[in-house]
Amino acid sequence: MILKTADSKKDVFYLINKHSGVVSRAEAEILLEFLFNCEKLDLYVKEFIINKTIEELYDLLVSRRLSGEPAQYITGRAEFMGLGFIVTKDVLIPRPETEILVNEIVGARFIAPKILDLCTGSGNIAVSLAKLIPQAEIIATDISENALKIAEKNAALHQASASIKFYKGNLFNALMFAENPKFDIIVCNPPYIKEADFPFLQKEVRLEPRIALNGGKDGLDFYRDTAKESRRYLKKGGSILLEIGFGQREAVEDIFLSHNIFDVYRIIRDFSGIERAIWINLL
Ligand code: GLN
């Protein structure tokens with residue numbers, strides 16, 4: 001007969017449940033994957049020794065999370081399109097909603113497209129597109145040198161460096177030294193938060209780079225600049241795919257339509273039914 005003693009061995013479930021009132025299971029798993037340097041599935045199939053040091057380290061990670069630091073910044077890793085990306089405080093944490101942009105482009109089955117990814121951040125969009133459309137030729141830009149370094153690391157991590165060129169600069173200025181910068185597709189998840197809304201953002205979001213979020217007074221600065229300048233960089237009939245913020249659809253449409261050279265081809269909603277992306281074509 002096997003007798004269970006009072007101090008029976010602590011396991012992963014013990015840790016997952018330890019802070020269950022304050023940390024979700026999904027977040028506990030992310031922190032434990034990091035702690036044990038393993039994949040999520042391993043947590044449930046492998047045996048881990050949970051000693052006092054491990055428990056203390058876990059408690060420390062949880063307290064950082066509870067102080068408002070996003071789990072992805074603690075672990076230095078975020079998932080996007082099923083791929084693992086390196087993230088630091090220099091880049092925006094990729095969001096699941098942004099996968100819409102990638103899925104739309106992949107679903108449209110372009111043949112060997114030339115793609116421009118503006119505000120590449122961690123490189124999540126550019127790298128996923130490079131993996132999913134191997135013949136694509138991609139240019140990715142960002143105003144932040146530190147962000148570009150992370151994006152380059154992510155491209156290398158996923159063996160996508162050969163298909164992506166990186167340039168530093170503000171929006172289209174970054175293309176000054178690019179060879180033949182004419183694209184089939186311009187894609188971007190631009191900064192679109194109104195300046196006045198910053199104090200009301202979640203603590204977690206306020207830890208992300210402000211430059212990656214700030215869309216100016218009405219949140220629409222980037223859309224105006226893109227509408228004004230993109231014509232020079234698009235091939236005839238070329239496409240622009242942009243993420244948009246809650247309630248911005250009409251204003252963004254008006255900005256583009258006022259130029260009389262664009263057509264709004266599609267509006268795509270996210271999982272919550274919110275209009276989240278806009279697909280515009282150059283006539
Ligand atoms: N392209 C990155 C993303 O979608 C970063 C966007 C940004 O910095 N505004 O997450």
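All ligand and atom numbering here is 1-based and tracks the order in the structure. One is the number of the first residue; the rest follow in order along the sequence. Since the structure is predicted, the reported quantities are computational estimates derived from the model, not experimental observations.
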task = State whether Lys149 and Glu145 are salt-bridged, where the test is any N-O pair (Lys NZ or Arg NE/NH1/NH2 against Asp/Glu carboxylate O) under 4.0 Å.
result = no
query = Can the ring centres of Tyr233 and Phe172 be said to be less than 6.0 Å apart?
reply = yes
ask   = For Gly121 and ligand 1, does the shortest N/O to N/O distance drop below 3.5 Å?
value = no
message = With no hydrogens and no angle check, just 3.5 Å: does a side-chain donor-acceptor pair link Glu204 and Tyr73?
response = no
message = Could you identify the single nearest non-hydrogen protein atom to atom 2 (C) of ligand 1 and state the distance to 0.1 Å?
response = Asn124 OD1, 3.2 Å
ask   = Asp142 to ligand 1: N or O pair under 3.5 Å?
value = no
ask   = Considering only protein heavy atoms, which is closest to atom 1 (N) of ligand 1, and at what distance to one decimal place?
value = Cys119 O, 3.0 Å
key: Residue, atom name and distance, where the atom is the protein heavy atom closest to atom 4 (O) of ligand 1   = Asn189 ND2, 2.9 Å
message = I need the nearest protein heavy-atom contact for atom 8 (O) of ligand 1: residue, atom name and distance, please.
response = Ala212 CB, 3.2 Å
inquiry  = Going by side chain to side chain contact (heavy atoms under 4.5 Å, CB included), Leu61 matches just one of Leu66, Leu35, Ile30. Which one?
reply    = Leu35
message = Can you see whether Phe198 has Arg210 sitting over its ring - NZ or CZ less than 6.0 Å from the centre and within 45° of the normal?
response = yes
ask   = Which atom pair, heavy atoms only, marks the closest approach of Phe222 to Pro190?
value = CD2-CB, 3.1 Å
message = Distance under 4.0 Å to a non-hydrogen atom of Thr98: what atoms of ligand 1 satisfy this?
response = 4 (O)
query = Quick one: does Thr120 get an N or O within less than 3.5 Å of an N or O on ligand 1?
reply = yes
